[in-house]
Amino acid sequence: MYLAYLDPGTGSALAAAVVAGFAGAMVTVKVWWRRIWDKVRRRPAETPAASDQEN
Amino acid sequence: MSVAQTGGDAPGTPEVEVGKLAELVPEPASFRDPDNQVGYDAHGQVLRVLRGAAVEDWRALAGATFFADLVADGRICRTEPVDPDPDAAGELTLRHERIPFISYPYEWTFAMLRDAALLHLDLLLAALPEGFTTKDGSAYNLQWRGAAPTFIDIGSFTRQREGEPWAGYRQFCQTMLYPLLLTAHLDVPFQPWLRAQVDGIESGQIRPLFRGRHRWRAGVLRHLHLHDAMQRRYASTSVGEVKEQMKAAGYSTELVIATVRGLRKLVRKLDWRPPKTHWAEYRQTCSYSERDREAKLAFVEAALGQAAAGGGELGLVLDLGANDGAFSRLAARQARQVVAVEGDHAVTDALYRSLREAPDGPDRRVLPLVMDLANPSPGNGWRGVERASFARRADADVVLALALVHHLAIGRNVPLPEVIDNLAELGRWLVVEFVEPEDPMARRLLANKPPGMFGDYRREVFEKLLAERFTIVRREELPSQTRTLYVGAPRG
């Protein structure tokens with residue numbers, strides 16, 4: 001039942017933007033870029049905190 | 001006023017006031033939105049009880065120009081507030097027009113689902129510039145007045161928030177676009193898929209069917225492959241988080257309109273026509289003489305007049321095994337609504353296409369549905385009642401069963417008493433045709449069965465069974481002498 005915890009609506013929201021044409025696709029590209037950038041920036045600072053929480 | 005509750009087990013649960021909703025018979029499909037629930041009162045009126053934000057949404061909607069225009073031309077069902085203001089508990093009750101016969105997308109033909117999808121998109125294109133959208137995109141939000149679709153879920157309209165994508169996109173794909181792609185591009189009937197899954201077809205389920213050259217067919221790459229890939233990629237990401245990021249990246253209502261326009265262009269392009277060989281085969285199955293046909297039309301017309309004479313205008317006539325709809329059109333001259341049920345998708349689709357082009361008049365009161373009468377729609381969805389079975393929805397004044405009984409009794413091995421019981425359950429009056437075993441069409445069916453298997457399939461047996469359930473008020477043998485028509489009136 002792990003699939004019940006996954007929400008396909010998030011991908012659908014982004015897909016709805018992509019199908020809006022070039023401007024919509026650009027929005028999706030910006031979101032992707034933003035998410036990658038956030039991960040890169042967050043990683044060094046967050047790793048110890050995440051380990052603490054797991055313990 | 002709130003939803004009626006009969007006390008709570010949890011300590012400190014406050015007493016909840018019993019309100020109007022408690023007096024209604026709830027619509028089994030209306031349970032997902034607690035602020036927006038539909039039920040039926042003792043007079044059979046369709047009422048919708050709104051509370052909370054739904055009341056504000058309705059007030060804004062009632063003042064919108066697009067809404068008034070679409071209600072006026074029938075594309076949205078007629079709706080009015082029972083009282084102008086909410087009651088002391090803040091609830092507002094709306095009254096809807098009653099749809100003559102509720103049907104479901106798995107009973108519609110390709111062209112019907114396509115027209116329903118176009119109507120949904122047209123509503124959105126009218127609503128978005130005025131700051132409204134729909135919360136969902138379900139095919140079940142559409143119903144039919146004869147051969148014309150209408151949008152029934154007023155509660156689906158809400159204010160469009162700037163920067164948010166259309167929340168109904170996925171549901172639209174699952175219940176309308178994917179079924180259309182399946183039939184238009186692959187010639188695979190969508191009805192069994194929709195009947196099996198009330199939430200529609202998931203992208204992952206049909207993606208493997210659209211590999212190779214089919215990947216490049218209209219709408220497939222974007223709305224199916226890309227959509228499915230993105231659903232998988234972001235399945236564990238919060239939708240709220242992504243929406244905020246989209247807003248920050250410049251997503252706007254103009255882009256929502258562009259999405260809907262693109263979908264509309266795609267749906268208009270999709271079409272399905274059966275192979276020509278289908279029509280050649282079909283003509284061989286409905287060949288009877290012109291004299292028989294004329295006699296049959298005259299008999300059915302007189303029978304309907306006889307049924308109407310008992311109780312005034314006929315409400316619902318069911319034409320079971322409707323073929324090209326000739327008898328449905330005839331019945332529509334005397335009835336408010338005719339439902340033409342036919343098992344052949346291509347024939348039903350052709351009937352729908354011809355009815356939708358008909359000028360205003362009786363023909364527009366015919367609703368064609370595609371269904372195998374030996375396997376009619378069951379109860380579906382939550383607790384098996386969210387989508388009612390065909391038998392539960394069928395409460396006809398007159399049932400027409402012309403050239404049908406031999407298909408069920410011989411073709412599908414249904415015992416004759418069961419066939420007549422079933423017809424009696426669906427309506428009050430019955431106009432039925434018995435085809436003798438010697439008839440060329442019955443002989444064709446019998447040729448595929450072991451000899452002697454249908455010893456009871458005889459006119460005397462049929463008449464006896466019919467007389468046990470109806471009063472036979474009319475009987476006529478057709479000129480071919482292998483077919484007899486009967487009118488059964490309700491007993492007592």
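Per chain, numbering begins at 1; letters A, B, ... match sequence-line order.
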### Query
Would B/Arg75 count as a cation-pi partner of B/Phe151, with NZ or CZ less than 6.0 Å from the six-membered ring centre and within 45° of the ring normal?
no
- Worked check of side chain to side chain donor-acceptor pair (under 3.5 Å) between B/Ser30 and B/Gln37: CA-CA 6 Å; B/Ser30 176; B/Gln37 291 185 307; 5.5 Å; no
Worksheet entry | Residues B/Asp57, B/Arg159; criterion salt bridge (Lys or Arg N to Asp or Glu O under 4.0 Å); working and verdict | CA-CA 7 Å; B/Asp57 278 346; B/Arg159 304 306 294 256; 5.9 Å; no
Okay, B/Glu241 and chain A: the region with an atom under 4.5 Å from a heavy atom over there is side chain
Checklist entry - Just by distance, with hydrogens left out, do B/Glu130 and B/Gln160 show a side-chain donor and acceptor under 3.5 Å apart? => result no
Do B/Trp166 and B/Phe172 have their ring centres less than 6.0 Å from each other? yes
When the 4.5 angstrom heavy-atom criterion is applied to B/Tyr169 and chain A, the contacting part is side chain
By residue number, those in residues 206-224 of chain B with heavy atoms under 4.5 Å from heavy atoms of chain A are B/Arg222, B/His223
Honestly, the part of B/Ser238 sitting under 4.5 Å from a heavy atom of chain A is backbone
Q. Judged by modelled atom types alone, do B/Thr253 and B/Glu162 share a side-chain donor-acceptor pair under 3.5 Å?
A. yes
Q. Are the side chain of B/Glu27 and the backbone N or O of B/Val38 linked by a donor-acceptor pair below 3.5 Å?
A. no
